[in-house]
Amino acid sequence: MGIRTLQSSPLRPLCATPVPPEEQRVASPAPSAPNVAPVDPFALDARLVAARHVMQTSDARIGRLLRVIIDHHFYRLLGVGSVDAYVRERLGISSRKAWALVRLEKASFRGDEFARAYADGSLSWTRALALLPILTRDNAGAWVARARAVTVRRLFDEVNHVLESRDLLGPGFRLHPPPIDDPLTSPVTRHVHAGGHEHELSLASIVQIGAQTDSALDGARAAHPEVCDAAVSFTGPASVVALLRDVLDAFAVSGAPRWAALERLLLHVITHWENTPRHRDPIFARDGWRCAVPACSSRRNLHDHHLLYRSRGGGNEGANRVAVCAAHHLHAVHTGVIRAWGSAPADVHWELGVRRDAPPLLAYVGERRVPAPHHFA
């Protein structure tokens, strides 16, 4: 007879002598009364935020170790054929995040402030990733401070704004954060000159100016080499792809990069769309066709919200109206979870997580985070 090795299970511990069911019933303690004490959701939220901080501090360590695995191809020694398969099967994270963490690990030399903030979790990997295209040793401290002070959405907008300015004005443009309350007017519209004077132009105005604008933009682009840091891909049936090529050829300008034709096409579509009566809403266009609630980027089901309710005397002027997605409008603003007041678009005061007998969880003025007020609901 062979000898079998018994292995204990964590669910059923191995016992030398089975306990009879009668003794089990006697030894079993009486069931206790269920815990009916109320649970504080805000205390649970604080614990979850603390646990999330632990996860954020782990991101830097994961990136550091994962870089070693990738550089030395150790995943092959473990019997896995690719990096993507390894991070999915062994780490349970997406390949997109894994490569982002490795990229952040390689970029830690950009500045001591950046490396410290990312390592201690005060700069999340998504915010750190947003800063990579623009980060240098000279501006690392300023950008890290800005990342801690604004929403992720505002941070991406500011980085894109500075990169767009650099593309237009050349490599000599300083890659430092714009003023925190800057409206981030497109540098293309800001630097189109007529008669030696600078004019602010809307997107529709650029299309309508036509040849004069094309000449100014072509001159700016010819004076400074194009900086390519993104790719646009389009997939579809062959007939649709051929149609898109023909349309881009119609909007192309001699000597201009190919992306300029796509830009002109999109501007033309935006102008036509905004001039269609059923789509006209200056509030949506002013707020960038997205929800104005901080940290929300929804572009669907937008509602036109009155900061001071019309039932309380609020008017229809633009300063009293703001674009809010349906979810936040119906389930947060009008239920009292979110409070908003002030003057749109730049001076709207937001309180998120409004609660009784305690300050709100977060407070913003526009996209800028501010200390929570001491008055309670």
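Because the structure is a prediction, the values reported are computed rather than measured.
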Quiz item: Do the side chains of Leu132 and Ile70 join up, straight or via other hydrophobic residues, at under 4.5 Å, putting them in one cluster?
Solution: no

Quiz item: Counting heavy atoms not belonging to Arg299, are there more than 12 under 6.0 Å from its CZ?
Solution: yes

Quiz item: Given Glu367, which of Thr151, Leu155, Ile180, Val152 fulfils the side chain to side chain contact (heavy atoms under 4.5 Å, CB included) condition?
Solution: Thr151

Exercise. First locate atom CZ of Arg64, then atom CD1 of Ile69, and finally report the distance between them rounded to the nearest 0.5 Å.
Key: 14.0 Å

Self-check item: Residues which pass side-chain hydrogen bond (donor to acceptor under 3.5 Å, both in side chains) with Arg61, listed by chain and number, not counting sequence neighbours
Solution: Ser58

Self-check item: Side-chain touch Trp99/Val87, heavy atoms, less than 4.5 angstrom
Solution: no

Self-check item: Pair Arg290 + Asp157, salt bridge at N-O below 4.0 Å
Solution: yes

Quiz item: Is there side-chain contact between Ser343 and Glu317, with at least one heavy-atom pair below 4.5 Å?
Solution: no

Quiz item: Hey, are Asp59 and Lys97 close enough for a salt bridge, meaning a charged N less than 4.0 Å from a carboxylate O?
Solution: yes

Quiz prompt | Contact check, side chains of Tyr309 and His334, non-hydrogen atoms, under 4.5 Å | solution = yes

Exercise. Give a yes or no on whether Leu91 and Leu104 share a hydrophobic cluster (residues Ile, Leu, Val, Met, Phe, Trp, Tyr; joining criterion: side-chain heavy atoms under 4.5 Å apart).
Key: no

Exercise. State yes or no: do Val49 and Val54 share one hydrophobic cluster built from I, L, V, M, F, W and Y residues joined by side-chain heavy-atom distances below 4.5 Å, directly or via other members?
Key: no

Quiz item: Arg355 versus Leu361: any side-chain heavy-atom pair under 4.5 Å?
Solution: yes

Quiz item: Under the 3.5 angstrom rule, does the side chain of Trp143 hit a backbone N or O of Leu175 as a donor-acceptor pair?
Solution: yes

Quiz item: What residue among Asn139, Thr136, Leu123 forms side chain to side chain contact (heavy atoms under 4.5 Å, CB included) with Phe114?
Solution: Leu123

Quiz item: Where does the angle between the aromatic ring planes of Trp341 and His349 fall among parallel (under 30°), tilted (30 to 60°) and perpendicular (over 60°)?
Solution: parallel

Quiz item: Taking C-beta and beyond as the side chain, do His328 and Cys291 meet within less than 4.5 Å on heavy atoms?
Solution: yes

Quiz item: Can you tell me if CZ on Arg67 sees more than 12 non-hydrogen neighbours from other groups inside 6.0 Å?
Solution: yes

Exercise. With the side chain counted from C-beta on, respond yes when Val293 and Ile338 share a heavy-atom pair under 4.5 Å apart, and no when they do not.
Key: yes

Quiz prompt | Ser95 backbone acceptor or donor facing Asp84 side chain under 3.5 Å | solution = no

Exercise. Find out if a path of hydrophobic residues (ILVMFWY) with successive side-chain heavy-atom gaps under 4.5 Å connects Ile283 to Leu307.
Key: no

Practice problem: For the pair Arg146 (side chain) and His176 (backbone), establish whether a donor and an acceptor sit closer than 3.5 Å, ignoring hydrogens and angles. | Solution: no

Quiz item: Do the non-hydrogen side-chain atoms of Val102 and Lys106 ever get within less than 4.5 Å of each other?
Solution: yes

Exercise. Just grab all the side chain to side chain donor-acceptor pair (under 3.5 Å) pairs involving residues 119-131, residues at least two apart or on different chains.
Key: Asp120-Ser122, Ser122-Arg148, Ser124-Thr126

Quiz prompt | Validation row: Phe74, Arg76 side chains within 4.5 angstrom (heavy atoms) | solution = no

